[in-house]
Amino acid sequence: MAPILELQQLVKRYGGVQALMGVDLDVQPAQVLAICGENGAGKSTLIKVVSGAHPPTSGRMRLNGREVHWSSPHDALVNGVTTIYQDLALAPKLSVWQNIFIGSEIRRSILPGCHILDKAAMRAQALEYLQRLHQRITDVDRPVEGFSGGQRQAIAIARALRWEARLVIMDEPTAALGVAETAEVLALIQHLKAQGVAVLLISHSMEDVIQVADQVVILKAGRVAARGATAELTPASLAQAVMTGVWPSAPH
Ligand SMILES: Nc1ncnc2c1ncn2[C@@H]1O[C@H](COP(=O)(O)OP(=O)(O)O)[C@@H](O)[C@H]1O
Ligand SMILES: [Mg+2]
């Protein structure tokens, strides 16, 4: 299968600091790939480059086989790469459907050259995106501030579906959440995968990574130190691998 995302010898320097030292990485469609590493390993930098927030110093990035050079996060977004930020970047006072369609409203023509917002279409499509994520939200006119943390995550992810995301990037999505909300976010990642969407997940939670990711890449000092299937790991062996940068040998 052709990778959705392919990185070749990606380098990122901040002045004298070399945060990424030549990273090779591929992500397949419908794959949940976790990135683990100690503080300073380069995880956030990697995500900032892939999401269009920072340009790489050198190296190549391909999306669906085509070389890309993002000029901004919006450029990545319109090309199917969506980043879900920890604060979710939702407008609390706006309704569910307004949040999902911010920046990509549906309009219809009432007279030649005269367009109005097609609110009925946006309400209906908002419900459909939420259903694809197995959400039972029925009132898409309510402001998002009235919803639970897990529901707000679903609304942010529904917005990614609106942009036809092929790759969703999440940096520590469960770091500030309790047990129930964490379970909801992990379920949302599974629903994205079921839609054929690839997920790049940065997490310090070994349990979350093993539960939801297909594979894990271990970054160490700006390099890929190891990569493998999470099925071979326990939380303890993954934590050990993050520290040492060495993939655990199979138990005897
Ligand atoms: N904006 C920046 N300016 C200078 N150095 C930075 C910047 N962002 C990150 N770094 C440095 O790059 C390295 C990797 O950081 P980061 O990507 O944040 O790692 P992680 O997310 O794995 O903790 C660290 O040495 C960090 O201090
Ligand atoms: Mg970080």
Side-chain angles (χ1 to χ4, degrees), residues 27 30-39 43-44 47 51 82-102 123 125-163 165 167-217 229-239 242:
V27 188
Q31 183 176 51
V32 180
L33 181 66
I35 311 278
C36 291
E38 295 182 310
N39 284 335
K43 305 178 298 293
S44 294
I47 273 191
S51 69
T82 302
T83 305
I84 311 279
Y85 295 97
Q86 223 172 49
D87 68 1
L88 303 180
L90 296 171
K93 304 282 179 204
L94 296 186
S95 71
V96 173
W97 71 262
Q98 285 170 318
N99 269 283
I100 292 173
F101 285 91
I102 283 175
R123 286 190 179 96
Q125 276 198 30
L127 280 171
E128 195 206 307
Y129 295 132
L130 291 164
Q131 271 161 17
R132 277 160 64 181
L133 297 170
H134 300 221
Q135 290 298 305
R136 284 191 214 90
I137 295 172
T138 51
D139 186 359
V140 293
D141 283 308
R142 264 173 64 198
V144 299
E145 64 189 357
F147 289 92
S148 72
Q151 288 171 319
R152 287 201 294 269
Q153 291 269 351
I155 295 162
I157 291 173
R159 187 165 58 188
L161 294 180
R162 164 62 185 157
W163 285 97
L167 174 68
V168 169
I169 301 171
M170 302 171 99
D171 194 354
E172 297 283 356
T174 63
L177 304 182
V179 176
E181 283 181 350
T182 294
E184 285 179 72
V185 172
L186 298 184
L188 285 166
I189 292 172
Q190 295 288 352
H191 300 326
L192 276 174
K193 178 183 168 70
Q195 305 278 316
V197 178
V199 178
L200 205 50
L201 170 73
I202 308 291
S203 181
H204 275 106
S205 164
M206 305 297 129
E207 287 80 8
D208 290 2
V209 167
I210 287 171
Q211 192 180 326
V212 81
D214 301 300
Q215 293 198 354
V216 56
V217 163
T230 54
E232 299 170 17
L233 300 169
T234 63
S237 72
L238 175 54
V242 168

Rounded distance (nearest 0.5 Å) linking atom CG of L127 with atom CZ of R132: 13.0 Å
Of all heavy-atom pairs linking A160 and V168, the shortest is CB-CG2, 4.1 Å
Quick one: does P173's side chain get under 4.5 Å of L201's, heavy atoms only? yes
S44-D171 side chain donor-acceptor pair, cut-off 3.5 Å: yes
Result of checking V199, V212, D214 against K193 for side-chain contact (heavy atoms from CB on, under 4.5 Å): D214
Go through it in stages, so that I can follow the logic: the residues are D139 and V96, the test is side chain to side chain contact (heavy atoms under 4.5 Å, CB included), and I'd like the CA-CA distance, side-chain angles, deciding distance and then a yes or no. CA-CA 8 Å; D139 186 359; V96 173; over 6 Å; no
Nearest non-hydrogen partners of R159 and I102, listed with the distance: NH1-CD1, 4.4 Å
Hey, does the side chain of S203 reach the backbone of S205 with a donor-acceptor pair shorter than 3.5 angstrom? yes
Is the backbone of G149 close enough, under 3.5 Å, to the side chain of E181 for a donor and an acceptor to pair up by distance? yes
Do side-chain atoms of S237 reach the backbone of L233 as a donor and acceptor pair under 3.5 angstrom? no
About how many Å separate OG of S95 and CD1 of I100, when rounded to the nearest 0.5 Å? 8.5 Å
How far apart are the C-alpha atoms of V217 and L33, what are their side-chain angles, what is the distance that settles it, and do they pass the side chain to side chain contact (heavy atoms under 4.5 Å, CB included) test? CA-CA 7 Å; V217 163; L33 181 66; 3.9 Å; yes
List for me each residue that meets salt bridge (charged side-chain N to carboxylate O under 4.0 Å, His left out) alongside R142, sequence neighbours excluded, and say none if there are none. none
Before you tell me yes or no, could you show the steps for H204 and K43 under side chain to side chain contact (heavy atoms under 4.5 Å, CB included), namely the whole-Å CA-CA distance, both residues' side-chain angles and the distance that decides it to 0.1 Å? CA-CA 11 Å; H204 275 106; K43 305 178 298 293; 4.1 Å; yes
For P92 versus P143, what's the shortest heavy-atom pair and its separation? O-CB, 3.6 Å
Applying the side-chain contact (heavy atoms from CB on, under 4.5 Å) criterion to M170, which one of T83, V185, L200, I202 satisfies it? V185
As a quick check of understanding, evaluate side chain to side chain contact (heavy atoms under 4.5 Å, CB included) for Q211 and T230, giving each step before the final call. CA-CA 8 Å; Q211 192 180 326; T230 54; over 6 Å; no
Got a second to check how far Q98's CD is from L90's CG, nearest 0.5 Å? 12.5 Å
Measuring only between side-chain heavy atoms, which start at C-beta, is Y129 closer than 4.5 Å to I157? no
Could you grab the distance from atom CD1 of I169 to atom CD1 of I35, nearest 0.5 Å is fine? 9.5 Å
Less than 4.5 Å apart, side chain to side chain, heavy atoms only: is that true for Q153 and E184? no
For C36 and V209, which heavy atoms make the closest approach, and how far apart are they? SG-CG2, 3.8 Å
Student check: side-chain heavy atoms of T82 and L167 closer than 4.5 Å: no
Between CD of Q125 and CZ of F101, what distance do you get to the nearest 0.5 Å? 4.5 Å
With H191 via ring-ring contact (aromatic ring centres under 6.0 Å, His included) - residues at least two apart: H134
Taking all non-hydrogen atoms of both residues, which atom of Q135 and which atom of Q151 are closest, and how far apart? OE1-CG, 4.0 Å
Counterpart residues, salt bridge (charged side-chain N to carboxylate O under 4.0 Å, His left out), relative to R123 (two or more places apart): D141
Quick one: OG1 on T174 to CD on E207, what's the gap to the nearest 0.5 Å? 10.0 Å
Of all the heavy-atom pairs spanning L130 and A158, show the shortest one and how long it is. CD2-CB, 4.1 Å
